[in-house]
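Reading through the structure tokens given below for one structure.
Note that this is a predicted model, so its numbers are computed, not measured. Side-chain atoms are counted along with the backbone in the values below, which use heavy atoms only and exclude waters and symmetry mates.
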Amino acid sequence: MDFFFYPDSVAVFGSFKKGAIAYEILRNIVEGGFEGKIIPVNPKGGVLKIEGRKFEILRKLDEPVDVAIIAIPAKFVPALIDEIGPLIKGAVVISAGFSEVGNRELERELVEKARKHGVRVIGPNCAGIFGVHGRFFGSFEVRVKSGGLALISQSGAFGGAALAMGNEEGIGFSAFVSYGNAADLTESDFLEYFADEENTKAIALYIEGVKDGRRFLKALRYASVKKPVIILKAGKSASGAKAAASHTGSLAGSYEIYRAAFKQAGAIEVEEMEELFDAAKAFEMYPKAGRCVAVITNSGGPGVLATDKLERLGLEMARLGDETVEELRSFLPPQCSVKNPIDLIADADYERYKKTIEVICRDENVDSLLVICVPPIFLPGEEIARAVIDAKCDKPLIVNFMAGELVRDGVKLLEGSGIKNFPTPERAAKALKWLSSRGAYC
């Protein structure tokens, strides 16, 4: 499916009046820096200017392209697919009005026409796709920075919100696909594709229901072996399942069956959007982590909260070796606790943090580190951020800088070095839990 996410050419069908969906998609493609050929198509023809570029709107597509993005009334889509089928490899059908509103026959006809010409279809009733590393933003959703997360969303609106929140969280994306009604290509196809896609480090999946459970389980197993797959399942309750059925025309089914399938396949299920992003941030930094954690903090309370959460999540507080404890005692003030969690007390500075991280990291009993910083007003958070960045440590290191304005500049410094911040001890602990799900026991 590279032609979808790394196309050399694209045709967009629809209205190109400002504010129309086809216009907004075309604008996104142009502003996103796509370097391939771009062809707007509308029977009325005309000329269009976007970002200083001038486009002639063709009345009909008359040359081959990799992808057609279609945003026209639903009733005209099958005929258009039949017309352009010999010229395209794939179609992204944005148009709504198919099985999600009961028009199953129209959707069946769309797929029939596509298969007649060997065309693969994403949608209908979807929000489009991104191939971020190919600088292809074939959707009306907000553009994102490049990174390692592929987001697969059954809901276009959820996908758009997730992209916007991902930008706020500093997450980098490899791809985004909103697949809507899944008339042809389904979540299973995308799981298998992104499992082998070289720019994707982790896969996030939002689903309401699937049409072929066996195929889904097979694809989920295949992908989960290769990469972390993070799943947010909607439609868990009876009322939610009914809402999901009316949303995309798919059957939500029993949540217990889905939960068992996720566990059997080795996928990581999260409960809410916040957890989806936290897991994505963790896996963008590290592929996995062990279960034995050392907590380093300058404030006892957050250290205790982190310890409580880690143990509730089934992780273990690493037992520091005697040599580690003696080395810590050699340079830390006597008021500091050298037991795990290690409390560096409120006036901990650059050197105290940096040296402690390096000493703890060398301990063979420690699999991963959770570093907490609650900077006092007399000590800038940037100083501790630099200590984390400069410390020589080859083990997974999760940070919790809190709170708000006090740590804003320090968090920015960390993110500039590829270190994601988790704003509470509990969220940081969960990040290590998800990493440990692909790691080893102590």
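Residues Ser99 and Asn181 have side chains that bring a donor and an acceptor to within less than 3.5 angstrom of each other. Between the side chains of Tyr6 and Asn199, at least one donor N or O lies within less than 3.5 Å of an accepting N or O. No side-chain donor-acceptor contact under 3.5 Å links Arg427 and Asn400.
Put simply, the side chain of Ser153 does not reach to within 4.5 Å of the side chain of Val177, judged on heavy atoms. In this structure, the side chains of Ile296 and Ile372 stay at 4.5 Å or more apart for every pair of heavy atoms. Residues Tyr179 and Phe190 form a side-chain contact, since some pair of their non-hydrogen atoms from C-beta on lies under 4.5 Å apart. Within the 4.5 Å cutoff, the side chain of Cys126 has heavy atoms near those of the Ile94 side chain. Side-chain contact between Leu344 and Thr297 is absent, with no heavy-atom pair separated by less than 4.5 Å. The shortest side-chain heavy-atom distance between Leu220 and Phe216 falls under the 4.5 Å cut-off. Contact annotation: the side chain of Thr356 approaches that of Leu328 to within less than 4.5 Å [non-hydrogen atoms, C-beta and beyond]. Side-chain contact between Ile389 and Leu414 is present, with heavy atoms from C-beta onward closer than 4.5 Å.
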Using the side chain to side chain contact (heavy atoms under 4.5 Å, CB included) rule, take Val295 and Ile342 through it: C-alpha gap first, then chi angles, then the decisive distance, then the call. CA-CA 6 Å; Val295 176; Ile342 301 96; over 6 Å; no
Under the criterion salt bridge (charged side-chain N to carboxylate O under 4.0 Å, His left out), I'd like the reasoning laid out for Lys354 against Glu351: C-alpha separation, chi angles, the key distance, then a yes or no. CA-CA 5 Å; Lys354 179 176 180 291; Glu351 286 297 334; 5.7 Å; no
Run the ring pair (Phe, Tyr, Trp, His ring centres under 6.0 Å) test on Phe16 and Tyr23 for me, step by step, so that the C-alpha distance in whole Å, both residues' side-chain angles and the decisive distance to 0.1 Å come before the verdict. CA-CA 4 Å; Phe16 296 104; Tyr23 173 85; 7.7 Å; no
Let's go through Lys37 and Ile39 carefully: what are the C-alpha distance in whole Å and the side-chain angles of both, what is the deciding distance for side chain to side chain contact (heavy atoms under 4.5 Å, CB included) to 0.1 Å, and is it a yes or a no? CA-CA 7 Å; Lys37 189 161 190 175; Ile39 304 173; 4.2 Å; yes
Any chance you could lay out the side-chain hydrogen bond (donor to acceptor under 3.5 Å, both in side chains) test for Arg319 and Asn340, step after step, and finish with the verdict? CA-CA 7 Å; Arg319 182 167 183 170; Asn340 190 14; over 6 Å; no
Worked verdict on Val270 versus Ile230 for side chain to side chain contact (heavy atoms under 4.5 Å, CB included): CA-CA 7 Å; Val270 295; Ile230 308 155; 3.9 Å; yes
Show your reasoning for whether side chain to side chain contact (heavy atoms under 4.5 Å, CB included) applies to Phe262 and Ile268. CA-CA 7 Å; Phe262 300 156; Ile268 299 161; over 6 Å; no
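Residue-environment remark: NZ (Lys218) stays at or below the threshold of 12 foreign heavy atoms within 6.0 Å. Enclosure of atom CD in Glu272 by more than 12 non-hydrogen atoms of other residues, nucleotides or ligands within 6.0 angstrom is indicated. Remark: Glu31 CD is packed, more than 12 non-hydrogen atoms of other residues, nucleotides or ligands lying under 6.0 Å away. Within 6.0 Å of the NZ atom in Lys226, the count of heavy atoms belonging to other residues, nucleotides or ligands exceeds 12.
Side-chain atoms of Ser417 do not come within 3.5 Å of backbone N or O of Ile419 as any donor-acceptor pair. The closest donor-acceptor contact from the side chain of Arg438 to the backbone of Ser224 lies under 3.5 Å. Under a 3.5 Å cut-off, the side chain of Asn125 and the backbone N or O of Ala96 do not form any donor-acceptor pair. Formation of a donor-acceptor pair under 3.5 Å by the Tyr206 side chain with backbone atoms of Leu151 is not found in this model. Here the side chain of Ser178 pairs a donor or acceptor atom with the backbone of Ala127 at under 3.5 angstrom. In this structure, Asp8 contributes its side chain and Gly36 its backbone to no donor-acceptor pair below 3.5 Å. In this structure, the side chain of Lys89 does not engage the main chain of Val119 through any donor-acceptor pair within 3.5 Å. Using a distance-only test at 3.5 Å, with no hydrogens or angles considered, a donor-acceptor pair links the side chain of Lys227 to the main chain of Phe194. Without hydrogens or angle criteria, Thr324 side chain to Asp363 main chain gives no donor-acceptor distance under 3.5 Å. The backbone N or O of Ala202 sits nowhere less than 3.5 Å from a side-chain atom of Thr200 that would complete a donor-acceptor pair.
With values rounded to the nearest 0.5 angstrom, Gln154 atom CD is found 8.5 Å from Leu205 atom CG. Going from atom CG of Leu370 over to atom CE of Met317 covers 8.5 Å, rounded to the nearest 0.5 Å. In this structure, CG in Asp196 is found 10.5 Å from CG in Asp2, a value given to the nearest 0.5 Å. Atom CD of Glu415 and atom NZ of Lys420 lie 6.0 Å apart (nearest 0.5 Å). With values rounded to the nearest 0.5 angstrom, Glu383 atom CD is found 11.5 Å from Leu413 atom CG. Rounding to the nearest 0.5 angstrom, the gap separating the OG atom in Ser188 from the CG atom in Asp212 is 6.5 Å.
In plain terms, the two heavy atoms of Ala71 and Ile21 that are nearest each other are CB-CG2, 4.0 Å. Residues His133 and Ser146 come closest through the heavy atom pair CE1-CB, 3.9 Å. The shortest heavy-atom contact between Ile29 and Gly138 is CG1-CA, 4.0 Å. Scanning both residues, Leu379 and Pro375, for their nearest heavy atoms gives O-CB, 3.5 Å. Shown here for Tyr353 and Ala387, the closest heavy-atom pair between the two residues is CB-CB, 3.8 Å. Residue Gly160 comes nearest to Val142 through the heavy atom pair O-CG1, 4.4 Å, listed as atom of the first residue, atom of the second, then distance.
Comment: Arg352 engages Asp347 in a salt bridge, judged by a side-chain N to carboxylate O separation of less than 4.0 angstrom. Between Arg386 and Glu382 there is no salt bridge, since no side-chain nitrogen of the basic residue lies less than 4.0 Å from a carboxylate oxygen of the acidic one. Using a 4.0 Å cut-off between charged side-chain N and carboxylate O, Arg362 and Glu327 make a salt bridge. Ion pair Glu256/Arg259 flagged as a salt bridge, since at least one NZ, NE, NH1 or NH2 atom sits closer than 4.0 Å to an Asp/Glu carboxylate oxygen. Between Glu326 and Arg329, at least one side-chain N (NZ, or NE/NH1/NH2) sits under 4.0 Å from a carboxylate O, which counts as a salt bridge. Salt bridge status for Glu284 with Lys201: absent, with no side-chain N to carboxylate O gap under 4.0 Å. Salt-bridge formation is detected for the pair Arg215/Asp189: a Lys NZ or Arg NE/NH1/NH2 atom is positioned less than 4.0 Å from an Asp or Glu carboxylate oxygen.
Ring geometry for Phe5 versus Tyr193: interplanar angle under 30°, hence parallel rather than tilted (30 to 60°).
When each of Lys433, Lys281, Lys430 is paired with Glu275, the salt bridge (Lys or Arg N to Asp or Glu O under 4.0 Å) condition holds for Lys430 and for no other.
Checked against side chain to side chain contact (heavy atoms under 4.5 Å, CB included), Arg53 has the following partners two or more places apart in sequence or in another chain: Val30, Ile38, Phe55.
Judged by the 6.0 Å distance and 45° axis criteria, Lys233 is not positioned over the aromatic ring of Tyr255.
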